[in-house]
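A short worksheet on the structure shown next.
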Protein chains: 2
Amino acid sequence: MRMSGGVEWAVHCCVVLTDVERPVPAATLAKLHDVSMTYLAKQMQALARADLVRSVQGKAGGYVLTRSPDDITVLDVVLAIEGPEPQFVCTEIRQRGPLGTPPEDCRTACPVAKAMLKAEAAWRGALKEVSIGDLVREVDRSSGKDALATIRAWFGGDAA
Amino acid sequence: MRMSGGVEWAVHCCVVLTDVERPVPAATLAKLHDVSMTYLAKQMQALARADLVRSVQGKAGGYVLTRSPDDITVLDVVLAIEGPEPQFVCTEIRQRGPLGTPPEDCRTACPVAKAMLKAEAAWRGALKEVSIGDLVREVDRSSGKDALATIRAWFGGDAA
DNA sequence: CCTAACTCGGATATATGTTGTCCGAGTTCA
DNA sequence: TGAACTCGGACAACATATATCCGAGTTAGG
């Protein structure tokens, strides 16, 4: 049940894409984070499909956020990469086998599934509370405002 | 990031193992739920390693809970099957690449990781709030007390 | 005390999903 | 008009989850 490593990449990409002047290519993002360029491209495609980033093609193309970082939650990013399916799926095991509970006694959801889905809801709720904008402010506070400013300048200048 | 299907099996097994008179073999549990006998055996082994159930060998062997169902949380079962590793692992991506944040500016945890781990803590907390005993009472309430009683009688009698 | 049957336990294949890579379609700028 | 640069989806390699088998150990009964 480990979360895809691409989620971490995608969140960091959204953070550094905040307040960029021009679109940033996937190759530049990959070089910045020192990760596989082709695989990160795959993650960015998923973000584009979820309409979190807008892809611009052509010579000066790249990726830009579609809306304010305060309107993009971490949950949005996680679901875009991992898919919207819940982590727990109830197979109605109680109805199977020789002593399976008859359907008429299954009006309410299986207690096991209820507990699992409640926990998952708590998880999603916590992720929904945090926006990309919150993360940007937190990075500014903990690592200094220069950190992100330097990266933006590097985007604009010669991203060797 | 889908949760292992074996978790659902394991939780249901713990529920039906409540208040059994004699040890119940894995084969009987598999037949009850109409699932792969050999694979369920693997899950029961994991529960035994986590000391949630005690395995009894020999002719009249099987599995029994090691303690009161009120003292076994759903989180215990999930961790026993899925492993104790957290679902999100921070790779310190902020320190990598040409503009990596220097270690002296990383005294505090990465904001991205903090958000993820906080959500995971909420998830674990919710799972810890529910015990196997709670699930037993919930099943008795929703499906009638006969449901589990019939299963226990089937264990004691001829589990064909 | 011995035997025999039944149980669990770990080592072993297969299927599915994640990780990583490649080349073609489309767009923009000169 | 052309050429270079971008994204986008199709294509392999790897890891994990799933499913299975056979041997070690134990117990009940004769």
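Labels below follow one simple rule: chain letters A, B, ... track the order of the sequence lines, proteins then strands, and each chain is numbered from 1.
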Could you tell me from which nucleotide to which nucleotide of DNA chain C, 5' to 3', there is an atom under 4.0 Å from chain A heavy atoms?
C/dT19 to C/dT28

Base, sugar-phosphate, or nothing: which does B/Ala27 touch, judged by heavy atoms less than 4.0 Å apart?
nothing

Of B/Met37 and A/Pro25, the one whose closest DNA chain D nucleotide lies more 5'
A/Pro25

Does A/Lys114, at its NZ atom, have more than 12 non-hydrogen atoms belonging to other residues, nucleotides or ligands within less than 6.0 Å?
yes

For a quick check of understanding: with a heavy-atom distance under 4.0 Å over all strands, which category does B/Ser55 fall into, base, sugar-phosphate or nothing?
sugar-phosphate

May I have the distance from A/Met3 (atom CE) to D/dT16 (atom P), rounded to whole angstrom?
17 Å

Any side-chain to backbone donor/acceptor pair from B/Arg152 onto B/Thr18? Under 3.5 Å, distance only.
yes

Could you tell me whether B/Thr38 contacts a base, only the sugar-phosphate backbone, or nothing, with contacts defined as non-hydrogen atoms closer than 4.0 Å?
base

In the structure I gave you, are the side-chain heavy atoms of B/His12 and B/His33 within less than 4.5 Å of one another anywhere?
yes

For the pair made of NE2 in B/His33 and P in D/dA19, what is the distance, rounded to whole Å?
16 Å

Could you tell me how far apart A/Lys42 (NZ) and D/dG9 (P) are, to the nearest whole angstrom?
9 Å

Find the distance B/Trp9:CH2 to D/dA17:P and express it as a whole number of Å.
15 Å

Identify all side-chain donor-acceptor contacts of residues 48-67 of chain B below 3.5 Å with residues at least two apart in sequence or on another chain.
| residue | atom | partner | partner atom | Å |
| --- | --- | --- | --- | --- |
| B/Thr66 | OG1 | B/Asp51 | O | 3.0 |
| B/Thr66 | OG1 | B/Leu52 | O | 3.1 |
| B/Arg67 | NE | B/Asp71 | O | 3.0 |

Determine whether a donor-acceptor pair (N or O, by modelled atom type, separation under 3.5 Å) exists between the side chain of B/Asp76 and the backbone of B/Thr73.
yes

Classify A/Arg54 by what it touches in the nucleic acid, base, sugar-phosphate, or nothing, heavy-atom distance under 4.0 Å.
nothing

Roughly how many Å is it from CD in B/Gln43 to C1' in D/dT16, rounded to a whole number?
14 Å

Of A/Arg2 and A/Ala60, the one whose nearest nucleotide on DNA chain C sits closer to the 5' end is A/Arg2

Taking atom C1' of D/dA10 as reference, at what distance in whole Å does atom CD of A/Gln45 sit?
11 Å

Considering residues at least two apart in sequence or located in another chain, which fulfil the side chain to side chain donor-acceptor pair (under 3.5 Å) criterion with A/Asp105?
none

Between A/Asp70 and A/Arg137 the two heavy atoms that sit nearest each other are OD1-NH2, 2.9 Å

How is A/Ala41 classified with respect to the nucleic acid when contacts are heavy atoms under 4.0 Å: base, sugar-phosphate, or nothing?
nothing

Whole-Å distance separating the CD atom of A/Glu82 from the C1' atom of D/dT16
14 Å

In whole Å, I'd like the distance from the CE atom of A/Met44 to the P atom of D/dG9.
14 Å

